[in-house]
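The block underneath contains the structure these notes are about, expressed in structure tokens.
Counting starts at 1 for both ligands and their atoms, in listed order.
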Amino acid sequence: MTAPGITGLPAVWSEDCLRHDPAGEVWLGVWEPGTEVPERARVLLEALTQAGASVTGARRHDPDALLAVHDDELVDHLATIWAQWEAGGYERDYGRRRVVPYVFPTPGLLGGLPLRSPAATHGRAGRFCYDTMTLVGPGSWEAIRAAADAALTAADLVAAGQRVAYALCRPPGHHTTKSAYGGSCYLNNAAIAAAALRRAGAERVAVIDIDAHHGNGTQAIFYDRPDVYYGSLHVDPGAGWFPHYAGYADERGRGAGTGANRNLPLAPGTSDDDWLAAVDMLVNEVRGRGTDVVVVSLGVDAAAADPESPLQVSPAGYRRAGELIGPLGPVVAVQEGGYDLPSLGGLVVATLGGIVTGARDAGAATTSPWP
Ligand SMILES: [Zn+2]
């Protein structure tokens with residue numbers, strides 16, 4: 001790989017991001033090892049440090065920043081459910097060592113009845129969680145909160161005039177909606193950053209999601225809004241891939257948000273040329289609409305070596321994606337997926353190097369771009 005050029009790039013993180021250990025996932029009824037492991041964050045930190053990034057600590061933010069995109073009941077649930085599980089003896093007496101939901105209040109179940117908060121902790125476990133893969137244990141909340149703080153701190157840096165900043169968020173976030181979590185995500189770090197940038201004065205924010213999977217949570221959060229564009233390229237849910245229920249091309253936003261949502265589903269096996277053509281389409285759409293700042297949902301699980309998707313993107317492809325996005329404006333890059341530990345760090349460094357190069361070649365200003 002060529003020189004990545006991220007010397008001095010702010011990379012925000014927190015040690016607390018290591019404290020979330022889901023201890024696997026329950027997938028199709030069977031407890032499996034899982035791939036969203038603490039080692040991911042260690043690998044990324046090592047690669048960024050080696051590449052000369054300026055590693056900086058996440059600053060604790062007010063809960064208001066979380067509540068700008070999430071229901072307070074979801075945030076409260078995530079903050080307290082493990083303690084309730086522990087107090088209920090689920091681990092001690094029944095060997096259930098993580099919070100795993102088993103009943104879900106779907107619209108079909110409720111049939112229009114009000115959504116109640118079940119008395120039993122194991123009943124409540126499915127109230128806000130929409131799958132069985134996204135487990136909560138000791139330390140999960142500290143990591144979830146720290147990941148959001150990393151995204152917010154990176155947004156602060158960009159709002160203060162930094163051209164590009166990166167948030168090493170773990171756990172990832174783009175599958176979490178306003179009030180429901182899943183897909184190994186708990187709080188939506190990228191959406192929280194986008195909302196913070198709006199509050200900091202950016203009138204138009206564009207979220208570009210290059211993770212292999214559709215960011216159904218981010219889409220849902222901003223679906224009715226014209227001020228935060230969401231564009232994603234991802235493996236086609238219509239070909240059988242997570243999140244299954246969202247990510248289709250005809251989802252274009254609703255009401256005032258109509259036209260501010262763009263999905264580009266890609267066939268399994270898609271490699272650099274077609275993947276980059278999709279990135280280029282999103283970049284051109286954002287350029288046409290105009291934006292004050294870009295939030296990149298930086299998932300690198302579209303890489304050929306990744307175990308979680310059938311896309312076949314190379315490190316050079318990721319770097320090129322960064323070069324295409326970099327000229328659009330200031331960038332807050334938020335870590336999403338990426339699960340192949342040997343290649344994960346290089347892929348993220350390559351993408352960030354592309355973003356920095358693209359910004360520099362565009363002669364980008366380094367001062368705060370919005371009034
Ligand atoms: Zn993903």
Side-chain angles (χ1 to χ4, degrees), residues 17 20 22 24-25 27 32-41 43-44 130-135 144 147 151 166-177 180-191 193 207-221 230-248 263-271 275 278-279 282 295-315 317-318 321-322 333-341 343-345 347-348 350-351:
C17 287
H20 169 56
E25 61 185 30
W27 192 61
E32 296 190 337
T35 52
E36 206 295 284
V37 292
E39 189 64 14
R40 294 179 63 242
V43 161
L44 286 169
Y130 60 75
D131 65 31
T132 61
M133 311 186 298
T134 311
L135 312 186
I144 293 162
Y166 167 76
L168 201 178
C169 296
R170 178 187 176 269
H174 73 152
H175 293 306
T176 295
T177 70
Y181 71 97
S184 299
C185 299
Y186 301 85
L187 293 177
N188 193 319
N189 308 309
V207 181
I208 297 181
D209 189 331
I210 62 171
D211 187 276
H213 305 98
H214 178 246
N216 58 298
T218 314
Q219 167 173 298
I221 286 167
Y230 176 74
S232 175
L233 67 161
H234 48 265
V235 62
D236 187 359
W241 290 86
F242 191 87
H244 301 288
Y245 294 95
Y248 296 85
N263 290 326
L264 300 176
L266 302 170
T270 296
S271 55
W275 188 78
V279 173
L282 294 181
V295 175
V296 177
S297 264
L298 205 182
V300 292
D301 45 2
D306 199 279
E308 295 292 346
S309 104
L311 301 179
Q312 299 289 319
V313 179
S314 73
Y318 265 102
V334 175
Q335 185 66 45
E336 302 284 2
Y339 305 98
D340 179 53
L341 294 173
S343 63
L344 177 56
L347 289 160
V348 170
T351 314

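- Classified by interplanar angle (parallel below 30°, tilted 30° to 60°, perpendicular above 60°), the ring pair Y130/F242 is parallel.
- A donor-acceptor pair is defined here as one N or O able to donate and one able to accept, closer than 3.5 Å; no such pair exists between the side chain of R40 and the backbone of L344.
- Side-chain atoms of Y166 never come within 3.5 Å of backbone atoms of V348 as a donor-acceptor pair (strictly under, hydrogens ignored).
- Residues forming a side chain to side chain contact (heavy atoms under 4.5 Å, CB included) with E32 (at least two apart in sequence, or on another chain): E25, W27, V30.
- Rounded to the nearest 0.5 angstrom, I210 CD1 and E336 CD are separated by 10.0 Å.
- Judged by distance alone, the side chains of T218 and N188 do bring a donor and an acceptor atom under 3.5 Å apart.
- Neighbours of the Zn ion (ligand 1) restricted to protein N, O or S atoms under 2.8 Å: the count is 3.
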